[in-house]
Amino acid sequence: MKIFNAAIMLLLLALMAAISTASTDKQTYIVRMDKTKITNTFSSLVSITKPWHQAVLESLADDDELEATPPELLYSYETTLFGFAAKLSSEQLESLKNMNGFMSAVPDKMLSLHTTRSPFFLGLTGKKGKNGPWSGSNLHSDVIIGVVDSGIWPEHVSFRDHGLSPVPERWRGTCEKGTKFSPSNCNKKLIGGRYFYGGYLAAGGKINETNEYVSTRDASGHGTHTASTAGGNFVEQVNLFGVANGSAAGMRYTARIAAYKVCWPGCSTIDILTAMMKAIEDGVDVLTLSLGSTSEAVPYWQDYLAIASYFAFKSGIFVAFSAGNSGPWAYTAVNTAPWIMTVAASTIDRSFPAIIRLGNGETFEGSSFYTGKALKGLPIVYGKTAGVTGAEHCIPGTLNPKLVKGKLVICEPGDEYMTQSERGEQVKLAGGAGVLVMSTVGEDLANEPHVLPDILLGTSTSKAVIKYVNSTKAPTGTIVFKGTTYGNRAPKLAAFSSRGPNLAGPDVIKPDVTAPGVDILAAWPAERSPSTLESDKRRVSFNIMSGTSMSCPHVSGIAALIKSKHKDWSPAAIKSALMTTAYTIDNKGKPISDLKSHALATPFGIGSGHVDPIKASDPGLIYDITADDYISYLCGLKYNESQIALFEEGFIECKKEQLAMQPGDLNYPSFAVNFNRKARNVTVTYKRTVTNVGIPKSTYRVSVEAPKGAYVIVRPKVLSFKKLNQKLSYKVSFIGLSRKKPVVNSAFGSLMWVSATMMCKTAMLMFIFIVTPSNASMNRQTYIVHMDRTKMTTTTSDRWYESVIESVNELLDQEDIESEKPELVHVYKTAISGFAAKLSTKQVESLKRLDGFISATPDEMLALHTTHSPQFLGLETGKGLWSGSNLESDVIIGIVDSGIWPEHVSFNDIGMSPVPSKWKGECEEGTKFSKSNCNKKLIGARAFFEGYEAAVGKINETEDYRSARDAEGHGTHTASTAAGNLAHASIFGLAKGLAGGVRYTSRIAAYKTCWSQGCASSDILAAIDQAIADGVDVLSLSLGGSAKPYHSDPIAIGAFQAIKNGIFVSCSAGNSGPSSSTVSNTAPWIMTVGASYLDRSFEAIVELGDRQIFEGSSLYVGKALKQLPLFYGNTIGDLRAAFCIDGSLKKNLVKGKIVICQRGITSRTEKGEVVKSAGGTGMLLINSVNEGEELFADAHVLPASALGAIAGKAIKAYLNSTNKPTASITFKGTVYGKPAPLMAAFSSRGPNHVGLDLLKPDVTAPGMNILAAWPPSTSPTQLKSDKRTVLFNIASGTSMSCPHVSGLAALLKSVHKDWSPAAIKSALMTTAYVHDNSNRHILDVAFSTPTNATPFAFGSGHVDPEKASDPGLIYDITPQDYQNYLCTLNYSASDMALFAEDGFKCPKASSTMEPGDLNYPTFAVNLKQNSKSNIVTLKRTVTHVGIPNVTYTVQMNEPDGVSVMVEPQVLRFKKPGEKLSYKVTFMQKKGFMVQGGSFGVLEWVYLNMYHVRSSIAVTWT
């Protein structure tokens, strides 16, 4: 009946997936149902011909007869859970959630594959005698290993069945027929083969049958490699191109293998779950899964692979997963459930050395599988000496064959989508003789089989080689290939191996162990090249690969060995044996090192240590764990009943003793202890129970090495056993020692039980325990939570996500919200549609009452994210403006700001060509700033403080640097936004990805004019003056004051001289919005930039005691705050308490409470500081009506959430409605896909009161919550009490949007070197867009109700760089045109002298010109309120810069109350460069006047290729 019910569920969902393309309003879900309720509900409908799940689906269809397509069944589940996987529409899911018996629906997600000397290295080959793991009875072929991977190559010698006994009778599996795979491909070795692809297809994946097999046959090689590593036959005389000669064998080489193919190449959660279910039913003994997400772990109840693994554990199956390849970064270990064996990767003592000798005599060792002759004395080329920009990464199309032929080419990492061998292929195609593959992270030498002579170099060697190449005009090198060597120091932890701490459960150390995972030789498909390149026609039977994918099957095979010897042992017992006997000393007697930096490896990298199969077969003591123990552990994690019911069917509630259990009391073979950072003499006590499996009568004594900062007491200290299987318990107390300074980092120690004598079968168990400070870094959310692009209710094809929110589990209560743990982000290397999000139903349950909110869990393959703004702007590596020659580093951006932090990674000059000869600037020395701080990236730096010191007094050098060094962070942030290098970045794990300036290859010149109390205009003007002389191409000024007449504005005056010299000038519009007429820097020759939102947010959810839920914003990454008392205003202090001003709060009233703080008077983070110092536990920062729904993300010093005006009003009403108000805050991390852009409320607005004839700002660009470089000396909050340091920080303002446009201007200047600053400005303006990513008009968050933003906020619209590179037409303006414009403003001769040369006189024609006749890309028309003849005619001239022979027609969207006539209405151009003029007449309609302004659009259109758009703003005065 179980299998029958499961099959029903699966069938139901399979049908849904088959029609998935019929409805874009559908998503695949894993649905969990209550078996008892469903069976009772549909008992009358169930028959032999109609299973219950069919009845369920039909009932969903009946609920909505108009539904376009019925539900589509993919799979049904019975063994791992009672439920099914189905493709459902939003309406169908809504109906399902209302059905009696519905429990949960979780969206499917895509996972990726984690990608022999090792048996000898593990000590197996020397132990074939009577008692070794590879001895007689231990190798009986009754153990079945299930390999869930990319399939298998059945004909391979590793899977032949010569000499094997018949298939075990208990085997219930099958060999499924498919493309080039039939039942005859199975045998007594490969006893089963199945394949699963329903979930992959439903998620949008496609199977190309020219490159893939729709069967169990392996097309990628990964599954064949892992299967043979775990259980492949013993095969003699194998190698790869003559290296790694010897015998290859799986760890348990006589084991049976069952292959379950789930990767195509993406691996759907649904398919994996179904495969695991089938494997359990089939009767496997061990499951090995070398796959998982590419980021951190989710809570176990949200991880269906963890749930399936639990059911496997209950069935007695040992489950091993790879830890992931996202190292060396912390918090990246995945597959971390305690019942899973999580495996890291390390080296063996074999290497493939290649020696490079440079022309200067220096010699370095690398790695290579190449076995040919040495390459002697060849020239080395790199970067520009090898081709155009991108050649340093050997990106396709960047290498110049004329420069590369016959030479050695350096290739650096950089493009996440290219493998080492793909870079080598590009070198070969360009005629290179060899490739030098550089590393940028760690000293890993995990190489690939290249198609030409190669050498892989570690990070330190790579730096030395590049330094040499850059130091000489004719660098040369010789490479000698040494083949295979043995006896190297090993093991060493691989840098790529993912690390702890374990986010899903900090009380359990993960990974568990490490095993061989670097340069592993194993079986390979006969039709797959070793490099996996299509151009590579070589074929091999064995190949070398690296990854935790390779280490995982080693442990799976060893588990199979132990299971052979100890048939009655549980999976937990086997796991305990492997962990407690693991070693931490290498073959040279030294502690295992970490290839991240050659420092010592820690348990966050290696867990308990490196597996030792010989000792693991006889561990002496084991730590056993039952299914009931794990359920108690989940209760200890405060999971609610519905969450635990996912693991244990029929679960009712946690018992009192289970709720009282600490998670750390789980009988795990390691200890993870979490102390508060400032703990003094705090004691944590955990209990453990060991089972004697060694000598019947034996005595063990404890030996402890306490970690720094803690004292350890073990009671009892002696364990005396009288018989086998006897259990004894002990307790360990960890005491946080009193100390003046808190422990900053984690500390490690060891606990060993040692037998009284080492004579006979002495067992030693090492327990690694960790004492970790509890702070933001430990509890931080180092993941990205994605959002669907349309979170609000829409009619688009993505609207079904709204139904996901509406269909969340209605049973979730307050305790669930408080106990919920942050989700794991999956950043996939091959993105599908840029961004896509699938939501975890359980997570969004607590947010369902928040209108329009989506909190997403990972689902689709996603590309690695940047600081996000370049991607949001449409810039992609290798494409369009970010391709080849467009990124050549000849453009110089001058940043006039608060200075720069020169050592920052964003400003290093690795791979850059020499400084352009046109550069005339210099690097001025000053406080902690010398000439050596400049380089080929940061080519100049100056400080201007004379005006400042004259006004304020001498600079306080205890607070600032009297040099170009940045003490504030603002200048570093803006400089990196415009032109910073591509670098891995995040803040506290949020916004994780690659940070890069918009024109990231540009040179930077820093001009410091801003100090602790401001920026003197005299200094700014001096800086602009100097920048012109120095030779910058672009000037970026994220500063300003109130708008003033141009002749009184030093910035306008200096900027005019800059544009006369061909320099593009970009300025911020100001942060005085949403008040009207606040825009600054309004001169027409300046690009004035407003600020808007990205589609990224940092969500913090507030729930009140009455269940109202509000979405807020915060960069805080600690644990959620449970329901706590909530207070505001004079109930906790004096009259100033509403604004949380220093000294206004009373500690006795605030302690332990959440405090509401109104924005204003002091900074946002200062308010949090005040609350924290008063003893408050959390803060709600609420907006007034004037601040609207603006949500700043701040790195608060305590748990806090910023909330909009609507939420603020509701919260105040709630306070007045109850005597005991409470609130909770849950931090959701980074969310993508929100409607964007939105206009920021703070962004200054028009009309331009300096001149109503000019529409300002000009454009808007990303300026809200922007991640960019930050000085390590300045805290992210800029508070003195905040001692945290970051390399990247999030800031908001038009200061952040301005450098985006400066970088875009630099890009356009690269493409169109002959364009004037006005031409570049025109291109950016006329191609700007006014609709968001859901195709709605851009909204303005200054208003509490959805309100369209106007040109007074965004000018022409949001910049679109790719379209700006080819605008079709431009409105060009010469310096003389600007001078004539000033004449129309009736400037005096003395005023004009500021902008014109001596002797300049206004032309007579200027008396008849209107200011509005300036050839500006927008129209600002001012009509008189009481005029009888309200007619204005303006002239414009456009220059054709597109394709020849085109005809443009005009399209109009008239402003309300105004008639518009254009003459002519058609413009015909014959060739580029041709100019044509037109006139526009604006006439007020009778009796019609719009208060505050009226807006329209004039657009010149050529087919669908060009839309040259001009905003129109009409005002009445």
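Just so you know, residue 1 is the first one in the sequence shown, and it goes up from there. Computed over heavy atoms, backbone and side chain alike; hydrogens, waters and symmetry mates excluded.
Proximity of a side-chain donor or acceptor of His554 to a complementary backbone N or O of Gly517 within less than 3.5 Å is not detected. Without hydrogens or angle criteria, Ser346 side chain to Ala515 main chain gives a donor-acceptor distance under 3.5 Å. Side-chain atoms of Trp569 never come within 3.5 Å of backbone atoms of Ile562 as a donor-acceptor pair (strictly under, hydrogens ignored). Of the possible donor and acceptor atoms, one in the side chain of Thr347 sits under 3.5 Å from a partner among the backbone N and O of Lys492. Looking only at distances, no side-chain donor or acceptor of Asp444 sits under 3.5 Å from a matching main-chain atom of Ala446. Under the 3.5 Å distance criterion, the side-chain polar atoms of Asp512 are matched with a main-chain donor or acceptor of Thr342. At distances below 3.5 Å, at least one donor-acceptor pair connects side-chain atoms of Ser228 with backbone N or O atoms of Ala523. Side-chain atoms of Asp285 come within 3.5 Å of backbone N or O of Ile144 as a donor-acceptor pair. Side chain of Lys189 to main chain of Ala255: a donor-acceptor pair is present (N/O by atom type, distance under 3.5 Å, no hydrogens or angles). Side-chain atoms of His566 never come within 3.5 Å of backbone atoms of Ala573 as a donor-acceptor pair (strictly under, hydrogens ignored).
Residues Ile544 and Phe352 meet the side-chain proximity criterion, which asks for heavy atoms closer than 4.5 Å. Annotation: side chain of Val238 is not in contact with side chain of Ser247 (no heavy-atom distance under 4.5 Å). Inter-residue side-chain proximity for Trp753 and Arg701 is flagged as unmet; no heavy-atom pair is nearer than 4.5 Å. In this structure the side chain of Phe542 reaches within 4.5 angstrom of the side chain of Ser158, judged on heavy atoms. Using a 4.5 Å heavy-atom threshold, the side chains of Thr548 and Ser551 count as touching. Residues Met545 and His222 have side chains in contact (heavy-atom distance under 4.5 Å, counting atoms from C-beta outward). The side-chain heavy atoms of Asn233 and Arg160, taken from C-beta on, include a pair separated by under 4.5 Å. The closest side-chain heavy-atom distance from Tyr730 to Val732 is below 4.5 Å.
For the side-chain contact (heavy atoms from CB on, under 4.5 Å) criterion with Phe321, the lone passing option out of Val343, Leu291, Val148, Val334 is Leu291. Only one option out of Leu190, Leu164, Ile145 pairs with Arg256 in a side-chain contact (heavy atoms from CB on, under 4.5 Å); it is Leu164. Asp142 pairs in a salt bridge (Lys or Arg N to Asp or Glu O under 4.0 Å) with only one of the listed residues (Lys565, Arg252, Lys188), which is Arg252.
Note on residues 309-325: pairs passing salt bridge (charged side-chain N to carboxylate O under 4.0 Å, His left out), not counting sequence neighbours, are Lys314-Glu648.
Side-chain contact check for Ser326 and Thr332: no donor-acceptor pair (N or O, by modelled atom type) lies under 3.5 Å. Side-chain polar atoms of Asp665 and Tyr633 form no donor-acceptor pair below 3.5 angstrom. Between Asp629 and Thr626, the side chains place a donor N or O and an acceptor N or O closer than 3.5 Å (distance only, hydrogens not considered). A donor and an acceptor atom, one from each side chain of Thr336 and Asn502, are located under 3.5 Å apart.
The number of heavy-atom neighbours closer than 6.0 Å to NZ of Lys722, taken from other residues, nucleotides and ligands shown, is 12 or below. Taking a 6.0 Å sphere around CZ of Arg170, one finds it holds more than 12 heavy atoms contributed by other residues, nucleotides or ligands. No more than 12 heavy-atom neighbours from other residues, nucleotides or ligands sit within 6.0 angstrom of NZ on Lys596.
Expressed to the nearest 0.5 Å, how far CG of Asp519 lies from CZ of Arg350 amounts to 7.0 Å. One distance of note links CG of Asp612 with CD1 of Ile614; it measures 7.0 Å at 0.5 Å rounding. The line from CD1 of Ile592 to NZ of Lys590 is 14.0 Å long, rounded to the nearest 0.5 Å. For the atom pair CD1 of Ile574 and CE of Met341, the computed distance is 9.5 Å after rounding to the nearest 0.5 Å.
Residues that satisfy the side chain to side chain contact (heavy atoms under 4.5 Å, CB included) test with Pro353, not counting sequence neighbours, are Ser351, Glu365, Lys482, Thr485. Residues satisfying the ring-ring contact (aromatic ring centres under 6.0 Å, His included) criterion with Tyr310, sequence neighbours excluded, are Trp339, Phe647. Residues passing the ring-ring contact (aromatic ring centres under 6.0 Å, His included) test with Trp524, sequence neighbours excluded: none. Partners of Thr226 by side-chain hydrogen bond (donor to acceptor under 3.5 Å, both in side chains), not counting sequence neighbours, listed by chain and number: Asp149.
Pairing each heavy atom of Tyr486 with each of Asn245, the nearest pair is OH-O, 3.5 Å. Shortest non-hydrogen contact noted between Ser720 and Leu728 is O-CD1, 3.3 Å. The two atoms that bring Val167 and Ile191 nearest to each other are CG2-CG2, 3.7 Å, heavy atoms only. For the residue pair Thr580 and Leu621, the shortest heavy atom distance occurs at OG1-O, 4.3 Å. Across Ala249 and Phe234, no two heavy atoms sit closer than the pair CB-CD1, 3.6 Å. Taking each heavy atom of Ile257 and Gly232 in turn, the nearest pair found is CD1-N, 4.2 Å.
Remark: Asp349 does not engage Arg489 in a salt bridge, criterion side-chain N to carboxylate O under 4.0 Å.
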Please tabulate, for side-chain N and O atoms in residues 684-697, each donor-acceptor pair with protein atoms closer than 3.5 Å (sequence neighbours left out).
unit_1	atom_1	unit_2	atom_2	d
Thr685	OG1	Ser733	OG	2.9
Arg688	NE	Tyr668	O	2.7
Arg688	NH1	Gly664	O	2.8
Arg688	NH1	Leu666	O	3.1
Arg688	NH2	Gly664	O	3.4
Arg688	NH2	Ser670	O	2.9
Thr689	OG1	Ser729	OG	2.7
Thr691	OG1	Lys727	NZ	2.9
Asn692	OD1	Gly694	N	3.1
Asn692	ND2	Ile695	O	2.9
Asn692	ND2	Pro696	O	3.3
Asn692	ND2	Lys723	O	3.2

Verify salt bridge (charged side-chain N to carboxylate O under 4.0 Å, His left out) between Arg499 and Asp594, making sure each step is shown before the conclusion. CA-CA 11 Å; Arg499 315 299 168 96; Asp594 189 340; 2.6 Å; yes

